[in-house]
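Here's the structure we're looking at; comments come further down.
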Amino acid sequence: MTPTKLDPVKPGTKLAALADALQTGSNLNALSELLSWQPHTVRAALTRLRQRGYRIDLKEGVYSVKPARGKKS
């Protein structure tokens with residue numbers, strides 16, 4: 001798989017709020033409450049973040065973001 005460049009989200013959006021919440025890690029219910037979204041909408045937004053180059057990790061029910069994959073020199 002070829003590393004991808006991170007496509008940052010627009011500040012002040014709910015997608016940016018989701019990305020910020022993932023910095024410390026959150027479970028699906030907490031993310032759903034934070035954003036006032038249904039769980040399936042949160043999962044779809046996580047997919048959008050992955051498509052932008054964010055590395056989302058799920059461990060023991062907690063979602064977190066890993067450092068983005070960058071282009072190799």
Check your understanding: What residues form a side chain to side chain contact (heavy atoms under 4.5 Å, CB included) with A44, not counting sequence neighbours?
Key -> R48
Please report the shortest heavy-atom distance between [X] and [Y], naming the atom on each side.
{"X": "A17", "Y": "L35", "value": "CB-CD2, 3.9 Å"}
{"X": "A16", "Y": "P11", "value": "CB-CA, 4.2 Å"}
{"X": "S26", "Y": "A21", "value": "OG-O, 3.8 Å"}

Would you say that [X] contacts [Y] through its side chain, given a criterion of any heavy-atom pair below 4.5 Å between the two side chains?
{"X": "L22", "Y": "S64", "answer": "no"}
{"X": "Y54", "Y": "V9", "answer": "yes"}
{"X": "V65", "Y": "R55", "answer": "no"}

From [atom1] ([X]) to [atom2] ([Y]), nearest 0.5 Å:
{"X": "I56", "Y": "K66", "atom1": "CD1", "atom2": "NZ", "answer": "11.0 Å"}
{"X": "L46", "Y": "T41", "atom1": "CG", "atom2": "OG1", "answer": "11.0 Å"}
{"X": "L18", "Y": "W37", "atom1": "CG", "atom2": "CH2", "answer": "6.0 Å"}
{"X": "R43", "Y": "L28", "atom1": "CZ", "atom2": "CG", "answer": "5.5 Å"}
{"X": "N27", "Y": "E60", "atom1": "CG", "atom2": "CD", "answer": "12.5 Å"}

Point to revise | L49-L58 co-clustered via ILVMFWY side chain contacts under 4.5 Å | key: yes
Exercise for review: Sort and list the pairs that fulfil salt bridge (Lys or Arg N to Asp or Glu O under 4.0 Å) and have at least one residue in residues 10-23, not counting sequence neighbours.
Suggested key: none
Practice item. Check step by step if side chain to side chain contact (heavy atoms under 4.5 Å, CB included) holds for Q51 and D7. Key: CA-CA 9 Å; Q51 290 170 342; D7 182 15; over 6 Å; no
